[in-house]
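Everything on this sheet refers to the single structure shown next.
Order of the sequence lines fixes the chain letters, A, B, ..., with proteins taken first and strands second; residue numbering starts at 1 for each chain.
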2 protein chains.
Amino acid sequence: MLIGELAARTGSTTRALRYYEEQGLLESGRTASGYRVYGPNAETRVRNVRDLLASGFTIENVKSFVRYLDTDLPEVFAYSPACSDGYLVGAQRVAELAEKIAALTRLHDILVHRMPWLATPDDASRKEAA
Amino acid sequence: MLIGELAARTGSTTRALRYYEEQGLLESGRTASGYRVYGPNAETRVRNVRDLLASGFTIENVKSFVRYLDTDLPEVFAYSPACSDGYLVGAQRVAELAEKIAALTRLHDILVHRMPWLATPDDASRKEAA
DNA sequence: GTTGACCTTCACGTATGGGGCAATGTCTAG
DNA sequence: CTAGACATTGCCCCATACGTGAAGGTCAAC
């Protein structure tokens, strides 16, 4: 399978696949003329990478899961913290996201506090609730 | 007043002040030897710029307020939408922040949903409330 | 032999607010 | 006269996951 086919089968792009390889998340053989060649496992692997990215992990995070990316991930994730590093990475990522959300929320609230006429109905209802 | 003094008086850095000038938010005269020279208004202006940035506006946003930056801003902001462009910029910025917060929250929730053992007490209480 | 679809590497652009160098010029005090 | 504190411009760096060309090689079909 060449890179175009793999991209089509996984709903990604050739650019993304080369990027994953550059990041050490994907391996490929080469034809005599230098084209990347992929085995059938590559499809599962790419799906897993994209699945994790879409779940809020970063590329760096996904590197921690690289050992498990050739089997179906739902299996891995279904049974509690399957691997301790997965747990740690997940927990750290959740904390990072929570922190970023908090920081942006702080900015948002400062802004609304200074310019109260900017409050959205959503803000108003949250204010009522508080 | 030279750049170092202005930086010290406003709690910023020389690098930041040159950046503000590059962005058109600050003006300076020059000595014969090329040093930047600032008048006393510069201090108010820089404070206002940094105040707006700290309030969640971007550099681009602050450019919209450039006409008002030589007077004390609290005055400007105290009387409802003092200037219609201020209102528009503020509203847009609030919307942008809200959107970013929503996007990050979506990621966060997906992650917690997939790895429920990662939920923080905060998540749990929010879940109860819902 | 040529068109066209496929592939390659290289490398800049995205948004944000500066940080941190380098290489060099200027001013002031001892 | 020289040290050192200050100034200048300019350029690369940060994180993020690729997008979007450029300039060119490869392969199948007609």
Side-chain angles (χ1 to χ4, degrees), chain A residues 1-26 28-38 42 46 48-66 89 92-93 96-97 99-100 103-104 106-108, chain B residues 1-26 28-38 42 46 48-63 89 92-93 95-97 99-101 103-104 106-108 111:
Chain A
M1 184 168 35
L2 297 184
I3 197 172
E5 191 184 343
L6 182 58
R9 290 164 84 100
T10 57
S12 58
T13 65
T14 59
R15 179 64 179 95
L17 296 179
R18 291 193 192 99
Y19 177 65
Y20 298 154
E21 181 172 331
E22 186 188 317
Q23 297 301 314
L25 297 176
L26 186 57
S28 65
R30 299 291 180 126
T31 67
S33 54
Y35 289 14
R36 285 173 176 80
V37 188
Y38 300 94
V46 171
N48 285 334
V49 169
R50 298 180 71 77
D51 188 22
L52 289 170
L53 288 176
S55 294
F57 287 105
T58 68
I59 285 283
E60 283 303 312
N61 293 152
V62 176
K63 290 181 186 177
S64 315
F65 297 116
V66 76
V89 172
Q92 191 184 341
R93 185 59 182 152
E96 286 168 11
L97 285 175
E99 197 177 344
K100 284 191 179 180
L104 284 179
R106 241 173 279 137
L107 276 184
H108 178 273
Chain B
M1 185 166 34
L2 297 184
I3 197 171
E5 190 183 344
L6 183 57
R9 290 163 84 98
T10 57
S12 59
T13 64
T14 60
R15 180 68 179 89
L17 295 179
R18 293 193 191 99
Y19 177 64
Y20 298 154
E21 182 172 331
E22 185 188 318
Q23 298 301 312
L25 298 177
L26 186 58
S28 65
R30 296 294 179 124
T31 69
S33 54
Y35 288 13
R36 286 173 175 79
V37 188
Y38 301 94
V46 171
N48 285 335
V49 169
R50 296 179 72 78
D51 187 23
L52 289 171
L53 288 176
S55 294
F57 287 106
T58 67
I59 287 282
E60 282 303 313
N61 293 153
V62 177
K63 290 181 186 175
V89 171
Q92 190 183 342
R93 185 60 184 149
E96 286 168 11
L97 286 175
E99 196 176 345
K100 284 190 180 181
I101 291 167
L104 284 179
R106 241 173 279 134
L107 275 184
H108 178 274
L111 208 47

Carboxylate-amine/guanidinium contact Arg18(B) Glu21(B), below 4.0 Å: no

Check: Asn61(B) side chain, Thr58(B) main-chain N or O, donor-acceptor pair, under 3.5 Å: yes

Sugar-phosphate only, base, or nothing, as touched by Thr58(B) at under 4.0 Å among non-hydrogen atoms: sugar-phosphate

Pairwise P distance, dC12(C) and dC11(D) [rounded to whole Å]: 14 Å

Atom pair distance, as rounded to whole Å: NZ in Lys63(A) and C1' in dA15(D): 13 Å

Of the listed nucleotides dA7(D), dG18(C), dC18(D), the one nearest the side chain of Ile3(B): dA7(D)

Nucleotide nearest Tyr20(B) when distance is taken to its side chain, options dG19(D), dC7(C), dG18(C): dG18(C)

Atom-pair distance (CD on Glu96(A); C1' on dA15(D)), nearest Å: 11 Å

Presence of salt bridge, Glu96(A) and Lys100(A), under 4.0 angstrom: no

Sugar-phosphate only, base, or nothing, as touched by Thr13(B) at under 4.0 Å among non-hydrogen atoms: sugar-phosphate

Atom-to-atom span, CE of Met1(B) to P of dA7(D) - whole angstrom: 12 Å

Short side-chain to backbone donor-acceptor contact, Arg30(A) and Val37(A), under 3.5 Å: no

Check: Arg15(B) side chain, dG20(C) base, donor-acceptor under 3.5 Å: yes

Separation of atom CG in Leu26(A) from atom P in dA17(D), rounded to whole Å: 16 Å

Integer-rounded Å distance: dC18(D) P and Glu22(A) CD: 12 Å

Side-chain donor/acceptor contact of Arg18(B) with base of dT9(D) under 3.5 Å: no

Nearest-neighbour nucleotide for the Tyr35(A) side chain, dA17(D), dC6(C), dT9(C) considered: dC6(C)

Integer-rounded Å distance: dT28(C) P and Leu2(B) CG: 9 Å

Check: Thr31(A) side chain, Ser33(A) main-chain N or O, donor-acceptor pair, under 3.5 Å: yes

Sugar-phosphate only, base, or nothing, as touched by Arg36(A) at under 4.0 Å among non-hydrogen atoms: sugar-phosphate

Nearest listed nucleotide, side chain of Arg50(B), among dG18(C), dG19(D), dT9(C): dG18(C)

Given DNA chain D, 5'-ward residue of the pair Leu17(A) and Thr31(A), judged by closest heavy atom: Leu17(A)

Interatomic distance where CG belongs to Leu25(A) and P belongs to dT16(D) [whole Å]: 14 Å

Spacing of Phe57(B) atom CZ relative to dG18(C) atom C1', expressed in whole Å: 20 Å

Selected nucleotide, minimal atom distance to Ser33(B) side chain, candidates dT26(D), dT9(C), dT26(C): dT26(C)

Interatomic distance, Glu22(A) atom CD to Leu17(A) atom CG [nearest 0.5 angstrom]: 12.5 Å

C1' gap between dC13(D) and dG13(C), integer Å: 16 Å

Side chain of Ile59(A) (C-beta onward), nearest among dG19(D), dA17(D), dG18(C): dA17(D)

Donor-acceptor pair (no angle test) under 3.5 Å: Tyr19(B) side chain, dG19(C) base: no

OP1 or OP2 of dT9(C) under 4.0 Å from side-chain N/O of Arg30(A): yes

